[in-house]
Amino acid sequence: MVATLEGSRTNASPQRPLLGRNQTELTEWVKHQGQPAYRGKQLHQWIYDKGVRSLTDITVFPKAWRQDMAEVSVGRSEIHHRSIAADQTAKFLLRLDDGQIIETVGMPTEKRLTVCVSSQVGCPMACDFCATGKGGFIRNLAVHEIVDQVLTVQTAFDQRVSNIVFMGMGEPLINVQNVVSAVRCLNQDIGIGQRSITISTVGIPGKIRRLAQHQLQVTLAVSLHASNQALRTQLIPSAQQYPLADLLDECREYVAVTGRRVTFEYILLSGLNDCEEHAGELAQLLRGFQSHVNLIPYNPIDEVDYQRPSRKRVNQFTDHLKASGIAVSVRYSRGLEKDAACGQLRASKVEI
Ligand code: SAH
């Protein structure tokens, strides 16, 4: 069953960029170019460890061959713009081969470097509180376009990336095939532990089950944001076709199949979903569920007038959940003044 799933990286088509291929595939490629097999390992190392953008920069390769290979695309995107917030959060605008722009965010702490990656250009989900959805949907990202984001941040910070969150632009489970292939590459070729990778989804019917079948050890984060179906539908249009009970059933299956607990993300919108009654309803909904709730005080966007609750209100909500035996944490978003926080990513707002 698992062998038939999307995301296996065999049968590489010759047109595929080099980035995203594993060492075996790269070795096949160099042999095809008439080079000895050991150059495959070198190529792998220079692409993933050293982050070269062009084969001409691989100084261990013979000069003549490097020149012959000058036109071969490694598959790196161009850095179009970079801005850094006071908390050192760095936002990158990357230009893809077809001219589309995506956003990637690097978030350093003392011990970690986390990358918030995009999985699509734009997003079709149109959640009311999210800037990305306001700009519509263009296309899925290819595997190399996802992996490139991580290498870009790693090189810019000159530090190994420790964690990855699929919380940038897009809905990863609509692009599940490329996301799973990218996860395998990030894990096997760059060496990032699967447990340090989080895939965040608003929930697409059948896709959480599908992801579970891949038996990855990644963390699944589900954007719940409401304690009942009516409220959820008001905030997330796609929830209309996906009852809360069905979503939670698929999440339970994910826990059963992978043995990993699920994270539930819950944006706190003042006066809308942050009252005592909502905390109580949420606790009831998740009672006995192997899960963790991540509360995200709303980050403002221009188009809508939701309000971020006060710290006091956030603490009250948190305490209510804790008292009900729910594991909970609060995510105070980073990079706010650079429009780099959760839900603020959009390609159209290019400030140069
Ligand atoms: N489509 C995926 C991943 C991208 S969004 C998903 O929905 O999960 C990553 C997280 O940021 C999600 O939990 C999303 O709901 C949240 N988010 C979106 N807009 C936000 C905003 N304005 N303030 C705070 N969090 C937001």
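Numbering of ligands and ligand atoms starts at 1, following listing order. All of these numbers come straight from a predicted model, not from anything done at the bench.
The distance from ligand 1 to the heavy atoms of C130 drops below 4.0 Å at these ligand atoms: 18 (C), 19 (N). Listed by number with element, the atoms of ligand 1 under 4.0 angstrom from any heavy atom of I267 are 15 (O), 17 (N), 20 (C), 24 (C), 25 (N), 26 (C). Here is the list of ligand 1 atoms found below 4.0 Å of a heavy atom in E265: 10 (C), 12 (C), 13 (O). Of all atoms in ligand 1, listed by their number and element, those nearer than 4.0 Å to a heavy atom of I296 are 24 (C), 25 (N). Which parts of ligand 1 touch G168 is read off a 4.0 Å heavy-atom cut-off, strictly below it: atoms 4 (C).
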Give the intermediate values and the outcome of side chain to side chain donor-acceptor pair (under 3.5 Å) for residues R313 and Q316. CA-CA 5 Å; R313 190 96 168 204; Q316 280 169 349; 5.2 Å; no
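When heavy-atom distances to ligand 1 are checked against a 4.0 Å cut-off, V202 comes that close through both its backbone and its side chain. At a heavy-atom distance under 4.0 Å, no atom of V222 approaches ligand 1.
Residues R252 and V262 fail the side-chain proximity criterion, which asks for heavy atoms closer than 4.5 Å.
Taking each of S200, G170, C116 in turn, the one with a heavy atom nearest to atom 1 (N) of ligand 1 proves to be G170.
For a threshold of 3.5 Å applied to N or O pairs, the pair formed by N299 and ligand 1 contains at least one separation below that value. Considering backbone and side-chain N/O of E171, one or more are found under 3.5 Å from N/O of ligand 1. Residue F129 has at least one nitrogen or oxygen atom sitting less than 3.5 Å from a nitrogen or oxygen atom of ligand 1, judged on distance alone.
The salt bridge (Lys or Arg N to Asp or Glu O under 4.0 Å) search around R209 returns E253, not counting sequence neighbours. Scored by the ring pair (Phe, Tyr, Trp, His ring centres under 6.0 Å) test, Y242 finds no partners at all (sequence neighbours excluded).
Between K207 and E171 there is no salt bridge, since no side-chain N of the basic residue sits under 4.0 Å from a carboxylate O of the acidic one. For K134 and D128, the salt-bridge test passes: some basic side-chain N is under 4.0 Å from an acidic carboxylate O.
At least one heavy atom of H225 sits closer than 4.0 Å to an atom of ligand 1. Not close to ligand 1: P300, with no non-hydrogen atom less than 4.0 angstrom away. For the pair M125 and ligand 1, no heavy-atom separation below 4.0 Å is found.
Within 6.0 Å of CD on E71 lie no more than 12 heavy atoms contributed by other residues, nucleotides or ligands.
A centroid separation of less than 6.0 Å is found between the aromatic rings of H225 and F129.
Using a distance-only test at 3.5 Å, with no hydrogens or angles considered, no donor-acceptor pair links the side chain of N175 to the main chain of Q120.
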